[in-house]
Amino acid sequence: MHGRFIGWARARGGTMFHVNHEPGAEIHHTDPFAVPAGQRSPVRRLRGRLAAPVTLWTAPGPAGLTVSSTLVAEGEPDRLLGLIDAESDLWAAVEEAGRFAVAPLGPPHRQLADRFAGLFPSPGGLFATGSWLDTPYGPVPADAGGWAGCRLDTAREYGWGLLVEATIEAVDLTEETMPLLHYRGRYHELT
């Protein structure tokens, strides 16, 4: 999201952008600051066409971030990889604690995902609303259906992000839940 937006609301069919708080302000159903389609990076367009699970990464502190670039690799040991923002509060907390939690989010978590992505207001802080389970790896939403506890192994710059590599030390799956997916800039559900 751009810092130029003063307020906004998510509509069922897309995002509405409010770009001026004055009376008579215009509401757009698309991002008025978006790069025109013909000028967008082909790699960014390719990435947008790959559906990705929406996860919430948290760490002691607490700190958290919505992450849609998460990959689990089975093995001895089991591993988790992800791309995050190196300047995020989450990374500072993970780097300090050496551990973090990852919870897959479901369709009821759209607003939570937006809040932790910095796209939705969070008066009182990111963890002020909702029900949270305290874990040694970081708080996780009580209704997430499961989470994994990870020990940080290494991180390095990768593209414009930070590639985080971790060992999965704990997995707690409480129930089967439908995933929340990110595809072409919007949330989607399996149907």
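- Residues satisfying the side-chain hydrogen bond (donor to acceptor under 3.5 Å, both in side chains) test with Arg99, not counting sequence neighbours, are none.
- Tyr183 meets the ring-ring contact (aromatic ring centres under 6.0 Å, His included) test with His188; sequence neighbours excluded.
- Judged by distance alone, with hydrogens and angles left aside, the side-chain atoms of Ser69 form a donor-acceptor pair with the main-chain N or O of Leu83 at under 3.5 Å.
- For Phe116, the ring-ring contact (aromatic ring centres under 6.0 Å, His included) partners two or more places apart in sequence, or in a different chain, are Phe127, Trp132.
- Residues satisfying the side-chain contact (heavy atoms from CB on, under 4.5 Å) criterion with Ser41, sequence neighbours excluded, are Val43, Arg44.
- Applying the side-chain hydrogen bond (donor to acceptor under 3.5 Å, both in side chains) rule to Thr129 yields the partners Arg115; only residues at least two apart in sequence or on another chain are considered.
- For Arg184, there are no side-chain hydrogen bond (donor to acceptor under 3.5 Å, both in side chains) partners at least two apart in sequence or on another chain.
- In this structure, the side-chain contact (heavy atoms from CB on, under 4.5 Å) partners of Gln39, at least two apart in sequence or on a different chain, are Val35, Pro36.
- Atoms CG and OG, on Asp114 and Ser122 in that order, are 11.5 Å from each other to the nearest 0.5 Å.
- Between the CG atom in Asp85 and the CH2 atom in Trp160 there is a gap of 13.0 Å [rounded to 0.5 Å].
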Result block: side-chain N/O donor-acceptor pairs under 3.5 angstrom for residues 138-149, not counting sequence neighbours:
from, atom 1, to, atom 2, distance (Å)
Asp143, OD1, His109, NE2, 2.9
Asp143, OD2, His109, NE2, 3.4
Trp147, NE1, Asp172, OD2, 3.4

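- Contact detail for Pro60 and Pro136: the closest heavy-atom pair is CG-O, 3.8 Å.
- Leu162 shares a hydrophobic cluster with Trp57, Leu65, Val67, Val72, Leu80, Ile84, Leu90, Trp91, Val94, Phe100, Val102, Leu152, Val164, Ile168, Val171, Leu173; the chain of contacts runs through ILVMFWY side chains whose heavy atoms sit under 4.5 Å apart.
- Shown here are the side-chain hydrogen bond (donor to acceptor under 3.5 Å, both in side chains) partners of Asp153, two or more places apart in sequence or in another chain: Arg79, Arg151, Thr167.
- Between Gly64 and Leu126, the closest heavy-atom pair is O-CD1, 4.1 Å.
- Grouping Ile, Leu, Val, Met, Phe, Trp and Tyr residues whose side-chain heavy atoms lie under 4.5 Å apart, directly or via other members, places Leu190 in a hydrophobic cluster with Met178, Leu181.
- Atom CD of Glu169 sits in a crowded spot, with more than 12 heavy atoms from other residues, nucleotides or ligands closer than 6.0 Å.
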